[in-house]
2 protein chains.
Amino acid sequence: MGMYCWGMARAATTSDAFNAVAEPRRRAILNYLAMQERPVGEIVDSLGLEQPSVSKHLRVLLEVGLVNVRRDGRRMLYRTNAEAIRPLHEWTETFERFWRHQLSRIKERAEGKSNPSKDSGPHFIPRRKNDFDSNKN
Amino acid sequence: MGMYCWGMARAATTSDAFNAVAEPRRRAILNYLAMQERPVGEIVDSLGLEQPSVSKHLRVLLEVGLVNVRRDGRRMLYRTNAEAIRPLHEWTETFERFWRHQLSRIKERAEGKSNPSKDSGPHFIPRRKNDFDSNKN
DNA sequence: TTGACATATGCCCATATGGGAATGTATTGT
DNA sequence: ACAATACATTCCCATATGGGCATATGTCAA
């Protein structure tokens, strides 16, 4: 019967910049290629990764437009296409006002009174059994 | 014999904020919970997702500190912890000067002469067979 | 205490990796 | 044409999902 798409598990790293930069080495590569174009070999030497690995990461970055390539003899010169990072910057930027807000609230509270009661905790994980404020029982 | 860690395939979504926000619905949730704390049910109704799905995403967000929780009766009030998004903002920000640079270069070129030769293409994928500038053969 | 309500988890399963190793392909030099 | 150099791709395989569904937990109301 009609079971089209079933589990998609997780979006492809090649589906968008957000997924692509989720990988630390890819961010490292983008950092490395930001100011200057470089051949694959230099990335390999510089970041200490395996060549096939670097090629694969570059492929992913290329597919989402985070890098550009140019051939130079037998070398492939890659370079970060900063413009493609812009959407991420803009998304994160929409939260800037909120963290400023939170900071001021925290500061306020810190100066006001040394009350150790957390705002619900910096962030706190309910591992299994819910026992948030189990001050009953 | 000693084969410690083998394939790690991909970092866990709970390993860091970058991985956590790679998922579109999680970003949607973060947007939704940015200005005000909300119970799970409202997220479900508002974003049109299944409740278990929302709970799982919230769990991921919670583990990397992107949201905070607070219990209110039988409801769990979640809220975005903008502070945790800051590292992403800062990383993307390091590329800002580069895209400004590129924009000016593009603009310059566009005004200079209407030369259709691409800078190596906006970004261009070498699908299989390498045929970058195969103007030989 | 019992039932309703609000969430969180557990299960099952297909998909998308990402590393390592081996191999294919393109380009240059002689 | 042939070897060397520089990359890209393929295979194999374990891991981390994420959706749908059923079910467990926790809390409150009568």
Side-chain angles (χ1 to χ4, degrees), chain A residues 3-16 19-20 22-26 29 38-45 47-63 69-78 125-137, chain B residues 3-16 19-20 22-26 29 38-45 47-63 69-78 125-137:
Chain A
M3 26 134 73
Y4 302 120
C5 169
W6 224 66
M8 209 173 297
R10 193 169 175 178
T13 54
T14 53
S15 63
D16 65 88
N19 274 289
E23 169 68 51
R25 285 118 194 181
R26 282 195 289 261
I29 290 176
R38 310 266 199 185
V40 179
E42 281 185 30
I43 304 175
V44 171
D45 294 341
L47 304 189
L49 302 174
E50 297 284 333
Q51 178 268 310
S53 181
V54 170
S55 282
K56 287 176 197 167
H57 285 311
L58 286 170
R59 172 86 186 179
V60 170
L61 294 172
L62 189 60
E63 290 204 38
V69 217
R70 179 169 77 83
R71 179 181 279 287
D72 170 44
R74 42 185 124 173
R75 298 181 309 165
M76 295 298 265
L77 298 178
Y78 283 86
I125 302 161
R127 296 280 171 211
R128 302 274 152 174
K129 300 301 176 190
N130 260 327
D131 48 26
F132 281 81
D133 34 23
S134 45
N135 43 324
K136 34 74 185 172
N137 176 18
Chain B
M3 27 129 74
Y4 300 121
C5 170
W6 221 65
M8 208 174 295
R10 195 170 174 177
T13 54
T14 53
S15 65
D16 64 88
N19 275 288
E23 168 68 50
R25 285 118 192 182
R26 282 197 288 262
I29 291 176
R38 309 267 197 184
V40 179
E42 282 185 29
I43 304 174
V44 171
D45 295 340
L47 303 189
L49 302 174
E50 298 284 332
Q51 177 268 311
S53 181
V54 171
S55 282
K56 287 173 196 170
H57 284 312
L58 286 170
R59 172 86 187 180
V60 170
L61 294 172
L62 189 60
E63 290 204 39
V69 218
R70 180 168 77 82
R71 179 180 279 289
D72 170 45
R74 41 185 125 174
R75 298 181 309 167
M76 295 297 265
L77 299 177
Y78 284 85
I125 302 161
R127 298 280 172 211
R128 302 276 156 175
K129 299 302 174 190
N130 259 329
D131 47 26
F132 279 81
D133 33 23
S134 45
N135 43 324
K136 37 73 185 171
N137 176 20

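Below, all heavy atoms of this structure are taken into account, side chains as well, without hydrogens, waters or symmetry copies. A note on names: the letters A, B, ... follow the listed sequences, proteins ahead of strands, and every chain is numbered from 1.
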Expressed in angstrom and rounded to an integer, what is the separation of [X] atom [atom1] from [N] atom [atom2]?
X: A:E63; N: D:dA8; atom1: CD; atom2: P; answer: 13 Å
X: A:N19; N: D:dA16; atom1: CG; atom2: P; answer: 17 Å
X: B:R59; N: D:dA16; atom1: CZ; atom2: P; answer: 16 Å
X: A:L62; N: D:dC7; atom1: CG; atom2: C1'; answer: 13 Å
X: B:E50; N: C:dC11; atom1: CD; atom2: C1'; answer: 16 Å
X: B:R71; N: D:dT25; atom1: CZ; atom2: P; answer: 14 Å
X: A:R70; N: C:dA26; atom1: CZ; atom2: P; answer: 20 Å
X: A:D16; N: C:dA16; atom1: CG; atom2: P; answer: 14 Å

5' priority, DNA chain C, between A:G73 and A:A11 [closest heavy atom]:
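Final value for this comparison: A:A11.
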Within less than 4.0 Å of OP1 or OP2 of [N], is there a side-chain N or O belonging to [X]?
X: B:R25; N: D:dG18; value: no
X: B:Y78; N: C:dA6; value: no
X: B:S53; N: D:dG19; value: yes
X: A:H57; N: C:dG19; value: yes
X: B:T13; N: D:dT17; value: yes
X: A:R26; N: C:dG18; value: yes

Would you name the heavy atoms of [X] and [Y] that are closest together and state the gap between them?
X: A:L61; Y: A:A20; result: CD2-CB, 4.4 Å
X: A:A11; Y: A:S15; result: CB-OG, 3.7 Å
X: B:A12; Y: B:N19; result: O-CB, 3.5 Å

Comparing B:L49 and A:K56 on DNA chain D - which has the more 5′ nearest nucleotide
A:K56
Quiz item: A:Q51 side-chain donor-acceptor pair to D:dA8 base, under 3.5 Å:
yes
I want to check something: taking the side chain as every heavy atom from C-beta on, are A:R25 and A:L49 in contact at a cut-off of under 4.5 Å?
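Yes, their side chains come closer than 4.5 Å.
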Is any side-chain heavy atom of A:R26 less than 4.5 Å from a side-chain heavy atom of A:V60?
yes
Knowing that exactly one of A:R75, A:R70, A:R74 qualifies, which makes a salt bridge (Lys or Arg N to Asp or Glu O under 4.0 Å) with A:D72?
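Of A:R75, A:R70, A:R74, salt bridge (Lys or Arg N to Asp or Glu O under 4.0 Å) with A:D72 is met by A:R75 alone.
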Would you confirm whether B:R38, through its side chain, and B:V40, through its main-chain N or O, come within 3.5 Å as a donor-acceptor pair?
no
Provide a list of protein-nucleic acid N or O atom pairs under 3.5 angstrom, restricted to nucleotides 3-6 of chain D.
{"from": "D:dT5", "atom 1": "O4'", "to": "A:R74", "atom 2": "NH1", "distance (Å)": "2.7"}

